[in-house]
Student: 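Pasting a structure below so you can have a look.
Whatever order the structure lists them in is the order used to number ligands and atoms, beginning at 1.
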Amino acid sequence: MICPLCHHEKTNLYERVQDRTYYQCELCSLVFVPRVELISFQHEKERYENHQNSEDNSDYIKYLAAIAEKISSKVTRGSTGLDFGCGKSLLMEKILGQYGFSVSSYDLFFHPNESVLEKKYDFILLSEVIEHLRDPDEVLRKISGLLKEKGSLIIKTKLLTNEIKDFKNWFYRRDITHVQFFSEKSFLKLGHLFQFEVYEEIGEDLFIFRNNG
Ligand SMILES: [Zn+2]
């Protein structure tokens with residue numbers, strides 16, 4: 001099995017859970033589901049359609065506002081951003097707008113507006129996206145190219161840490177649409193692959209990658 005992040009060929013069986021297997025890359029430590037075991041595009045879309053992320057869900061609004069608050073503490077007001085993998089709703093774009101950012105949204109399933117992928121941004125947000133990507137290397141390469149010089153990549157995902165003792169029953173693992181799990185080591189490799197000098201945790205499961213130079 002080849003690592004979908006760094007393409008290293010040395011990977012080892014990490015866990016087997018019912019009809020799914022998980023491999024781990026020897027180089028970047030990414031834990032991933034072999035691409036042949038992924039569910040269909042249609043099945044995946046149906047899963048996302050059932051997400052209760054609507055504009056009248058106050059918990060969801062609070063969740064997004066907390067992310068926007070953290071972003072606003074690290075990114076200059078007035079910056080332009082892209083919410084890549086926004087899902088069904090365009091709520092994050094609206095909330096970030098209230099924080100003084102000018103944000104566009106893209107979602108492969110619900111808002112496949114390719115024209116937003118022709119512009120450049122000060123920051124790109126991947127909120128609960130990176131663990132779903134069928135080809136993380138390709139997508140990260142593409143969106144890194146959409147960042148202005150010294151632009152920031154902001155990623156929200158749960159890291160696989162030593163505290164996760166029971167991977168099989170980890171709620172994050174059990175979501176069938178989560179097909180890779182990053183560790184700190186995977187994040188270091190990600191930074192290296194896509195030319196970010198540093199990454200910093202700026203909130204719960206929220207990380208910013210950027211260049212200081
Ligand atoms: Zn790897």
Student: What are the protein N, O or S atoms, given as residue plus atom name, that sit under 2.8 Å from the Zn ion (ligand 1)?
Tutor: C3 SG, C6 SG, C25 SG, C28 SG
Student: One pair to check against side chain to side chain donor-acceptor pair (under 3.5 Å): Q195 and S144. What are the steps and the verdict?
Tutor: CA-CA 9 Å; Q195 276 104 48; S144 299; over 6 Å; no
Student: Using ring pair (Phe, Tyr, Trp, His ring centres under 6.0 Å) as the criterion, list what pairs up with F84, not counting sequence neighbours.
Tutor: Y106
Student: Do L30 and L190 have side chains that get closer than 4.5 Å, going by heavy atoms?
Tutor: no
Student: Using ring pair (Phe, Tyr, Trp, His ring centres under 6.0 Å) as the criterion, list what pairs up with F110, not counting sequence neighbours.
Tutor: none
Student: Under a 3.5 Å distance rule, please check whether K120 uses its side chain to pair with a backbone N or O of G145 as donor and acceptor.
Tutor: yes
Student: Taking only residues two or more places apart in sequence, or in another chain, which ones meet Y23 in a ring pair (Phe, Tyr, Trp, His ring centres under 6.0 Å)?
Tutor: none
